[in-house]
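Below is one structure; the comments refer to it alone.
Per chain, numbering begins at 1; letters A, B, ... match sequence-line order. Fair warning: this is a prediction, and the values are worked out from it, not measured in the lab.
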Protein chains: 2
Amino acid sequence: MRIQSFISREQDYALRITAYLAGLKKGEFVSVRNMAATLRISQKFASRIAHKLKKADITDSIQGKYGGVFLKANPQKISMWDVLNIIGFKIKFNDCMCENVFCEFELGCKFHSFFVQQEQIFMDTLKKQKISDYILHHLIKTS
Amino acid sequence: MRIQSFISREQDYALRITAYLAGLKKGEFVSVRNMAATLRISQKFASRIAHKLKKADITDSIQGKYGGVFLKANPQKISMWDVLNIIGFKIKFNDCMCENVFCEFELGCKFHSFFVQQEQIFMDTLKKQKISDYILHHLIKTS
DNA sequence: TTTAAATATTACCCAACAAGTAATGTTTAA
DNA sequence: TTAAACATTACTTGTTGGGTAATATTTAAA
């Protein structure tokens, strides 16, 4: 039985990509093809993710032949939360706290309060994790 | 856009049902029909959940006309974790920690370590939450 | 100026799963 | 005997994750 993860593959890949690019030296960049191969992501999928990250000013790219992608943002200033959000991560422990779901028990329901609290704790934790602490050093080829 | 919750509706309903039954006086029981109406769950769905809880010795039932369901376990001894597990809750923050997924980066990947740690923290928290602390008092009819 | 090799962007596909509904069986008080 | 409850299994339906396919655009180099 396959069980759904809290964070999706795409969101995980976005973290990997960001953490990988954060390990490149200043001025370096890699083709999506090479990066995807290193990170074991399909090239097309990696390309789409890199583009989403670019639109959010996390990465940038050089188009055309011999182009590639690189990190634009300061890895010490971007958190796991930032990256996940770009790829559509919405923290939601329980449907009862969804904006467009009216839970009539909400006020008297301690489960609701519990989930609200846990969400907050986890969100704060994600915001504290900076990409600079997660650089994938061992995947960077030394040239 | 509808976003998937960490815990499913069925799991949430199981919590509600358990917390509701925990509020009944000793010896009392309710028909699934009444309980389902009070908790705003479809009768059929509630019935199926109650049956799962019974198989796990959380609830028990009286069959036949004028039958119903009631809590069998001690609500101070059953946790949210226990109830969720019965309904198939598998804590899994990220696919990379799934048994049958081989993540070749695992050892050098700090994301992996982070998710393992967060899972453990959240699991421990769920185990500490006892159903007795979540009784839905305001939904119990005083007779 | 043409071409090859890159990124950019949109459209589409498919299997798995959540969330329920339907149907039928079984039990028991009256 | 019957009505009203629980028990159990099978089916339905819409959503979504996780891609692939196709095509457009850009640019270095021949």
For Tyr134(B), ring pair (Phe, Tyr, Trp, His ring centres under 6.0 Å) partners two or more places apart: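 Phe111(A).
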Whole-Å distance separating the [atom1] atom of [X] from the [atom2] atom of [N]:
{"X": "Asp12(B)", "N": "dA19(C)", "atom1": "CG", "atom2": "P", "result": "10 Å"}
{"X": "Phe6(B)", "N": "dT16(D)", "atom1": "CZ", "atom2": "P", "result": "18 Å"}
{"X": "Ile49(A)", "N": "dT7(C)", "atom1": "CD1", "atom2": "C1'", "result": "15 Å"}
{"X": "Ile7(B)", "N": "dC17(C)", "atom1": "CD1", "atom2": "C1'", "result": "17 Å"}
{"X": "Phe89(A)", "N": "dG17(D)", "atom1": "CZ", "atom2": "C1'", "result": "15 Å"}
{"X": "Leu39(A)", "N": "dG18(D)", "atom1": "CG", "atom2": "P", "result": "17 Å"}
{"X": "Lys92(A)", "N": "dT15(D)", "atom1": "NZ", "atom2": "C1'", "result": "13 Å"}
{"X": "Leu53(B)", "N": "dA7(D)", "atom1": "CG", "atom2": "C1'", "result": "14 Å"}

dA7(D) phosphate, OP1 or OP2, under 4.0 Å from Ser61(B) side-chain N/O: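 Indeed, a polar side-chain atom of Ser61(B) lies that close.
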Has Lys54(B) got a side-chain N or O lying under 4.0 Å from the OP1 or OP2 atom of dC6(D)?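 No, no such contact exists.
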Would you mind telling me which of Ile41(B), Leu39(B), Ile87(B) makes a side-chain contact (heavy atoms from CB on, under 4.5 Å) with Tyr13(B)?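 Among the candidates, only Ile41(B) passes.
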Distance (rounded to the nearest 0.5 Å) between Leu71(A) CG and Leu21(A) CG: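 Rounded to the nearest 0.5 Å, the CG-CG separation comes out at 6.0 Å.
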What I want to check is whether the side chains of [X] and [Y] have a donor and an acceptor closer together than 3.5 Å.
{"X": "Ser61(A)", "Y": "Lys54(A)", "answer": "yes"}
{"X": "Gln120(A)", "Y": "Asp124(A)", "answer": "yes"}
{"X": "Ser5(B)", "Y": "Lys92(A)", "answer": "yes"}

What N/O pairs connect the protein and nucleotides 19-23 of chain D at under 3.5 Å? Give each pair on its own line.
{"from": "dG19(D)", "atom 1": "OP2", "to": "Tyr13(A)", "atom 2": "OH", "distance (Å)": "3.1"}
{"from": "dG19(D)", "atom 1": "N7", "to": "Arg48(A)", "atom 2": "NH2", "distance (Å)": "3.0"}
{"from": "dG19(D)", "atom 1": "O6", "to": "Arg48(A)", "atom 2": "NH1", "distance (Å)": "3.1"}
{"from": "dT20(D)", "atom 1": "OP2", "to": "Ser42(A)", "atom 2": "OG", "distance (Å)": "2.9"}
{"from": "dT20(D)", "atom 1": "O4", "to": "Arg48(A)", "atom 2": "NH1", "distance (Å)": "3.2"}

N/O-N/O pairs, protein side and nucleotides 26-30 of chain D side, under 3.5 Å:
{"from": "dT26(D)", "atom 1": "O3'", "to": "Gln63(A)", "atom 2": "OE1", "distance (Å)": "3.4"}
{"from": "dT27(D)", "atom 1": "O2", "to": "Lys65(A)", "atom 2": "N", "distance (Å)": "3.4"}

Side chains of Gln11(B) and Leu84(B), heavy atoms from C-beta outward: is any pair under 4.5 Å?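 Contact flag for Gln11(B)/Leu84(B) side chains = yes.
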Any chance the rings of Phe93(A) and Phe6(A) have centres within less than 6.0 Å?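 Yes, the ring of Phe93(A) comes within the 6.0 Å limit of the ring of Phe6(A), centre to centre.
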Any chance you could lay out the ring-ring contact (aromatic ring centres under 6.0 Å, His included) test for Phe115(A) and Phe122(A), step after step, and finish with the verdict? CA-CA 10 Å; Phe115(A) 285 119; Phe122(A) 188 58; over 10 Å; no
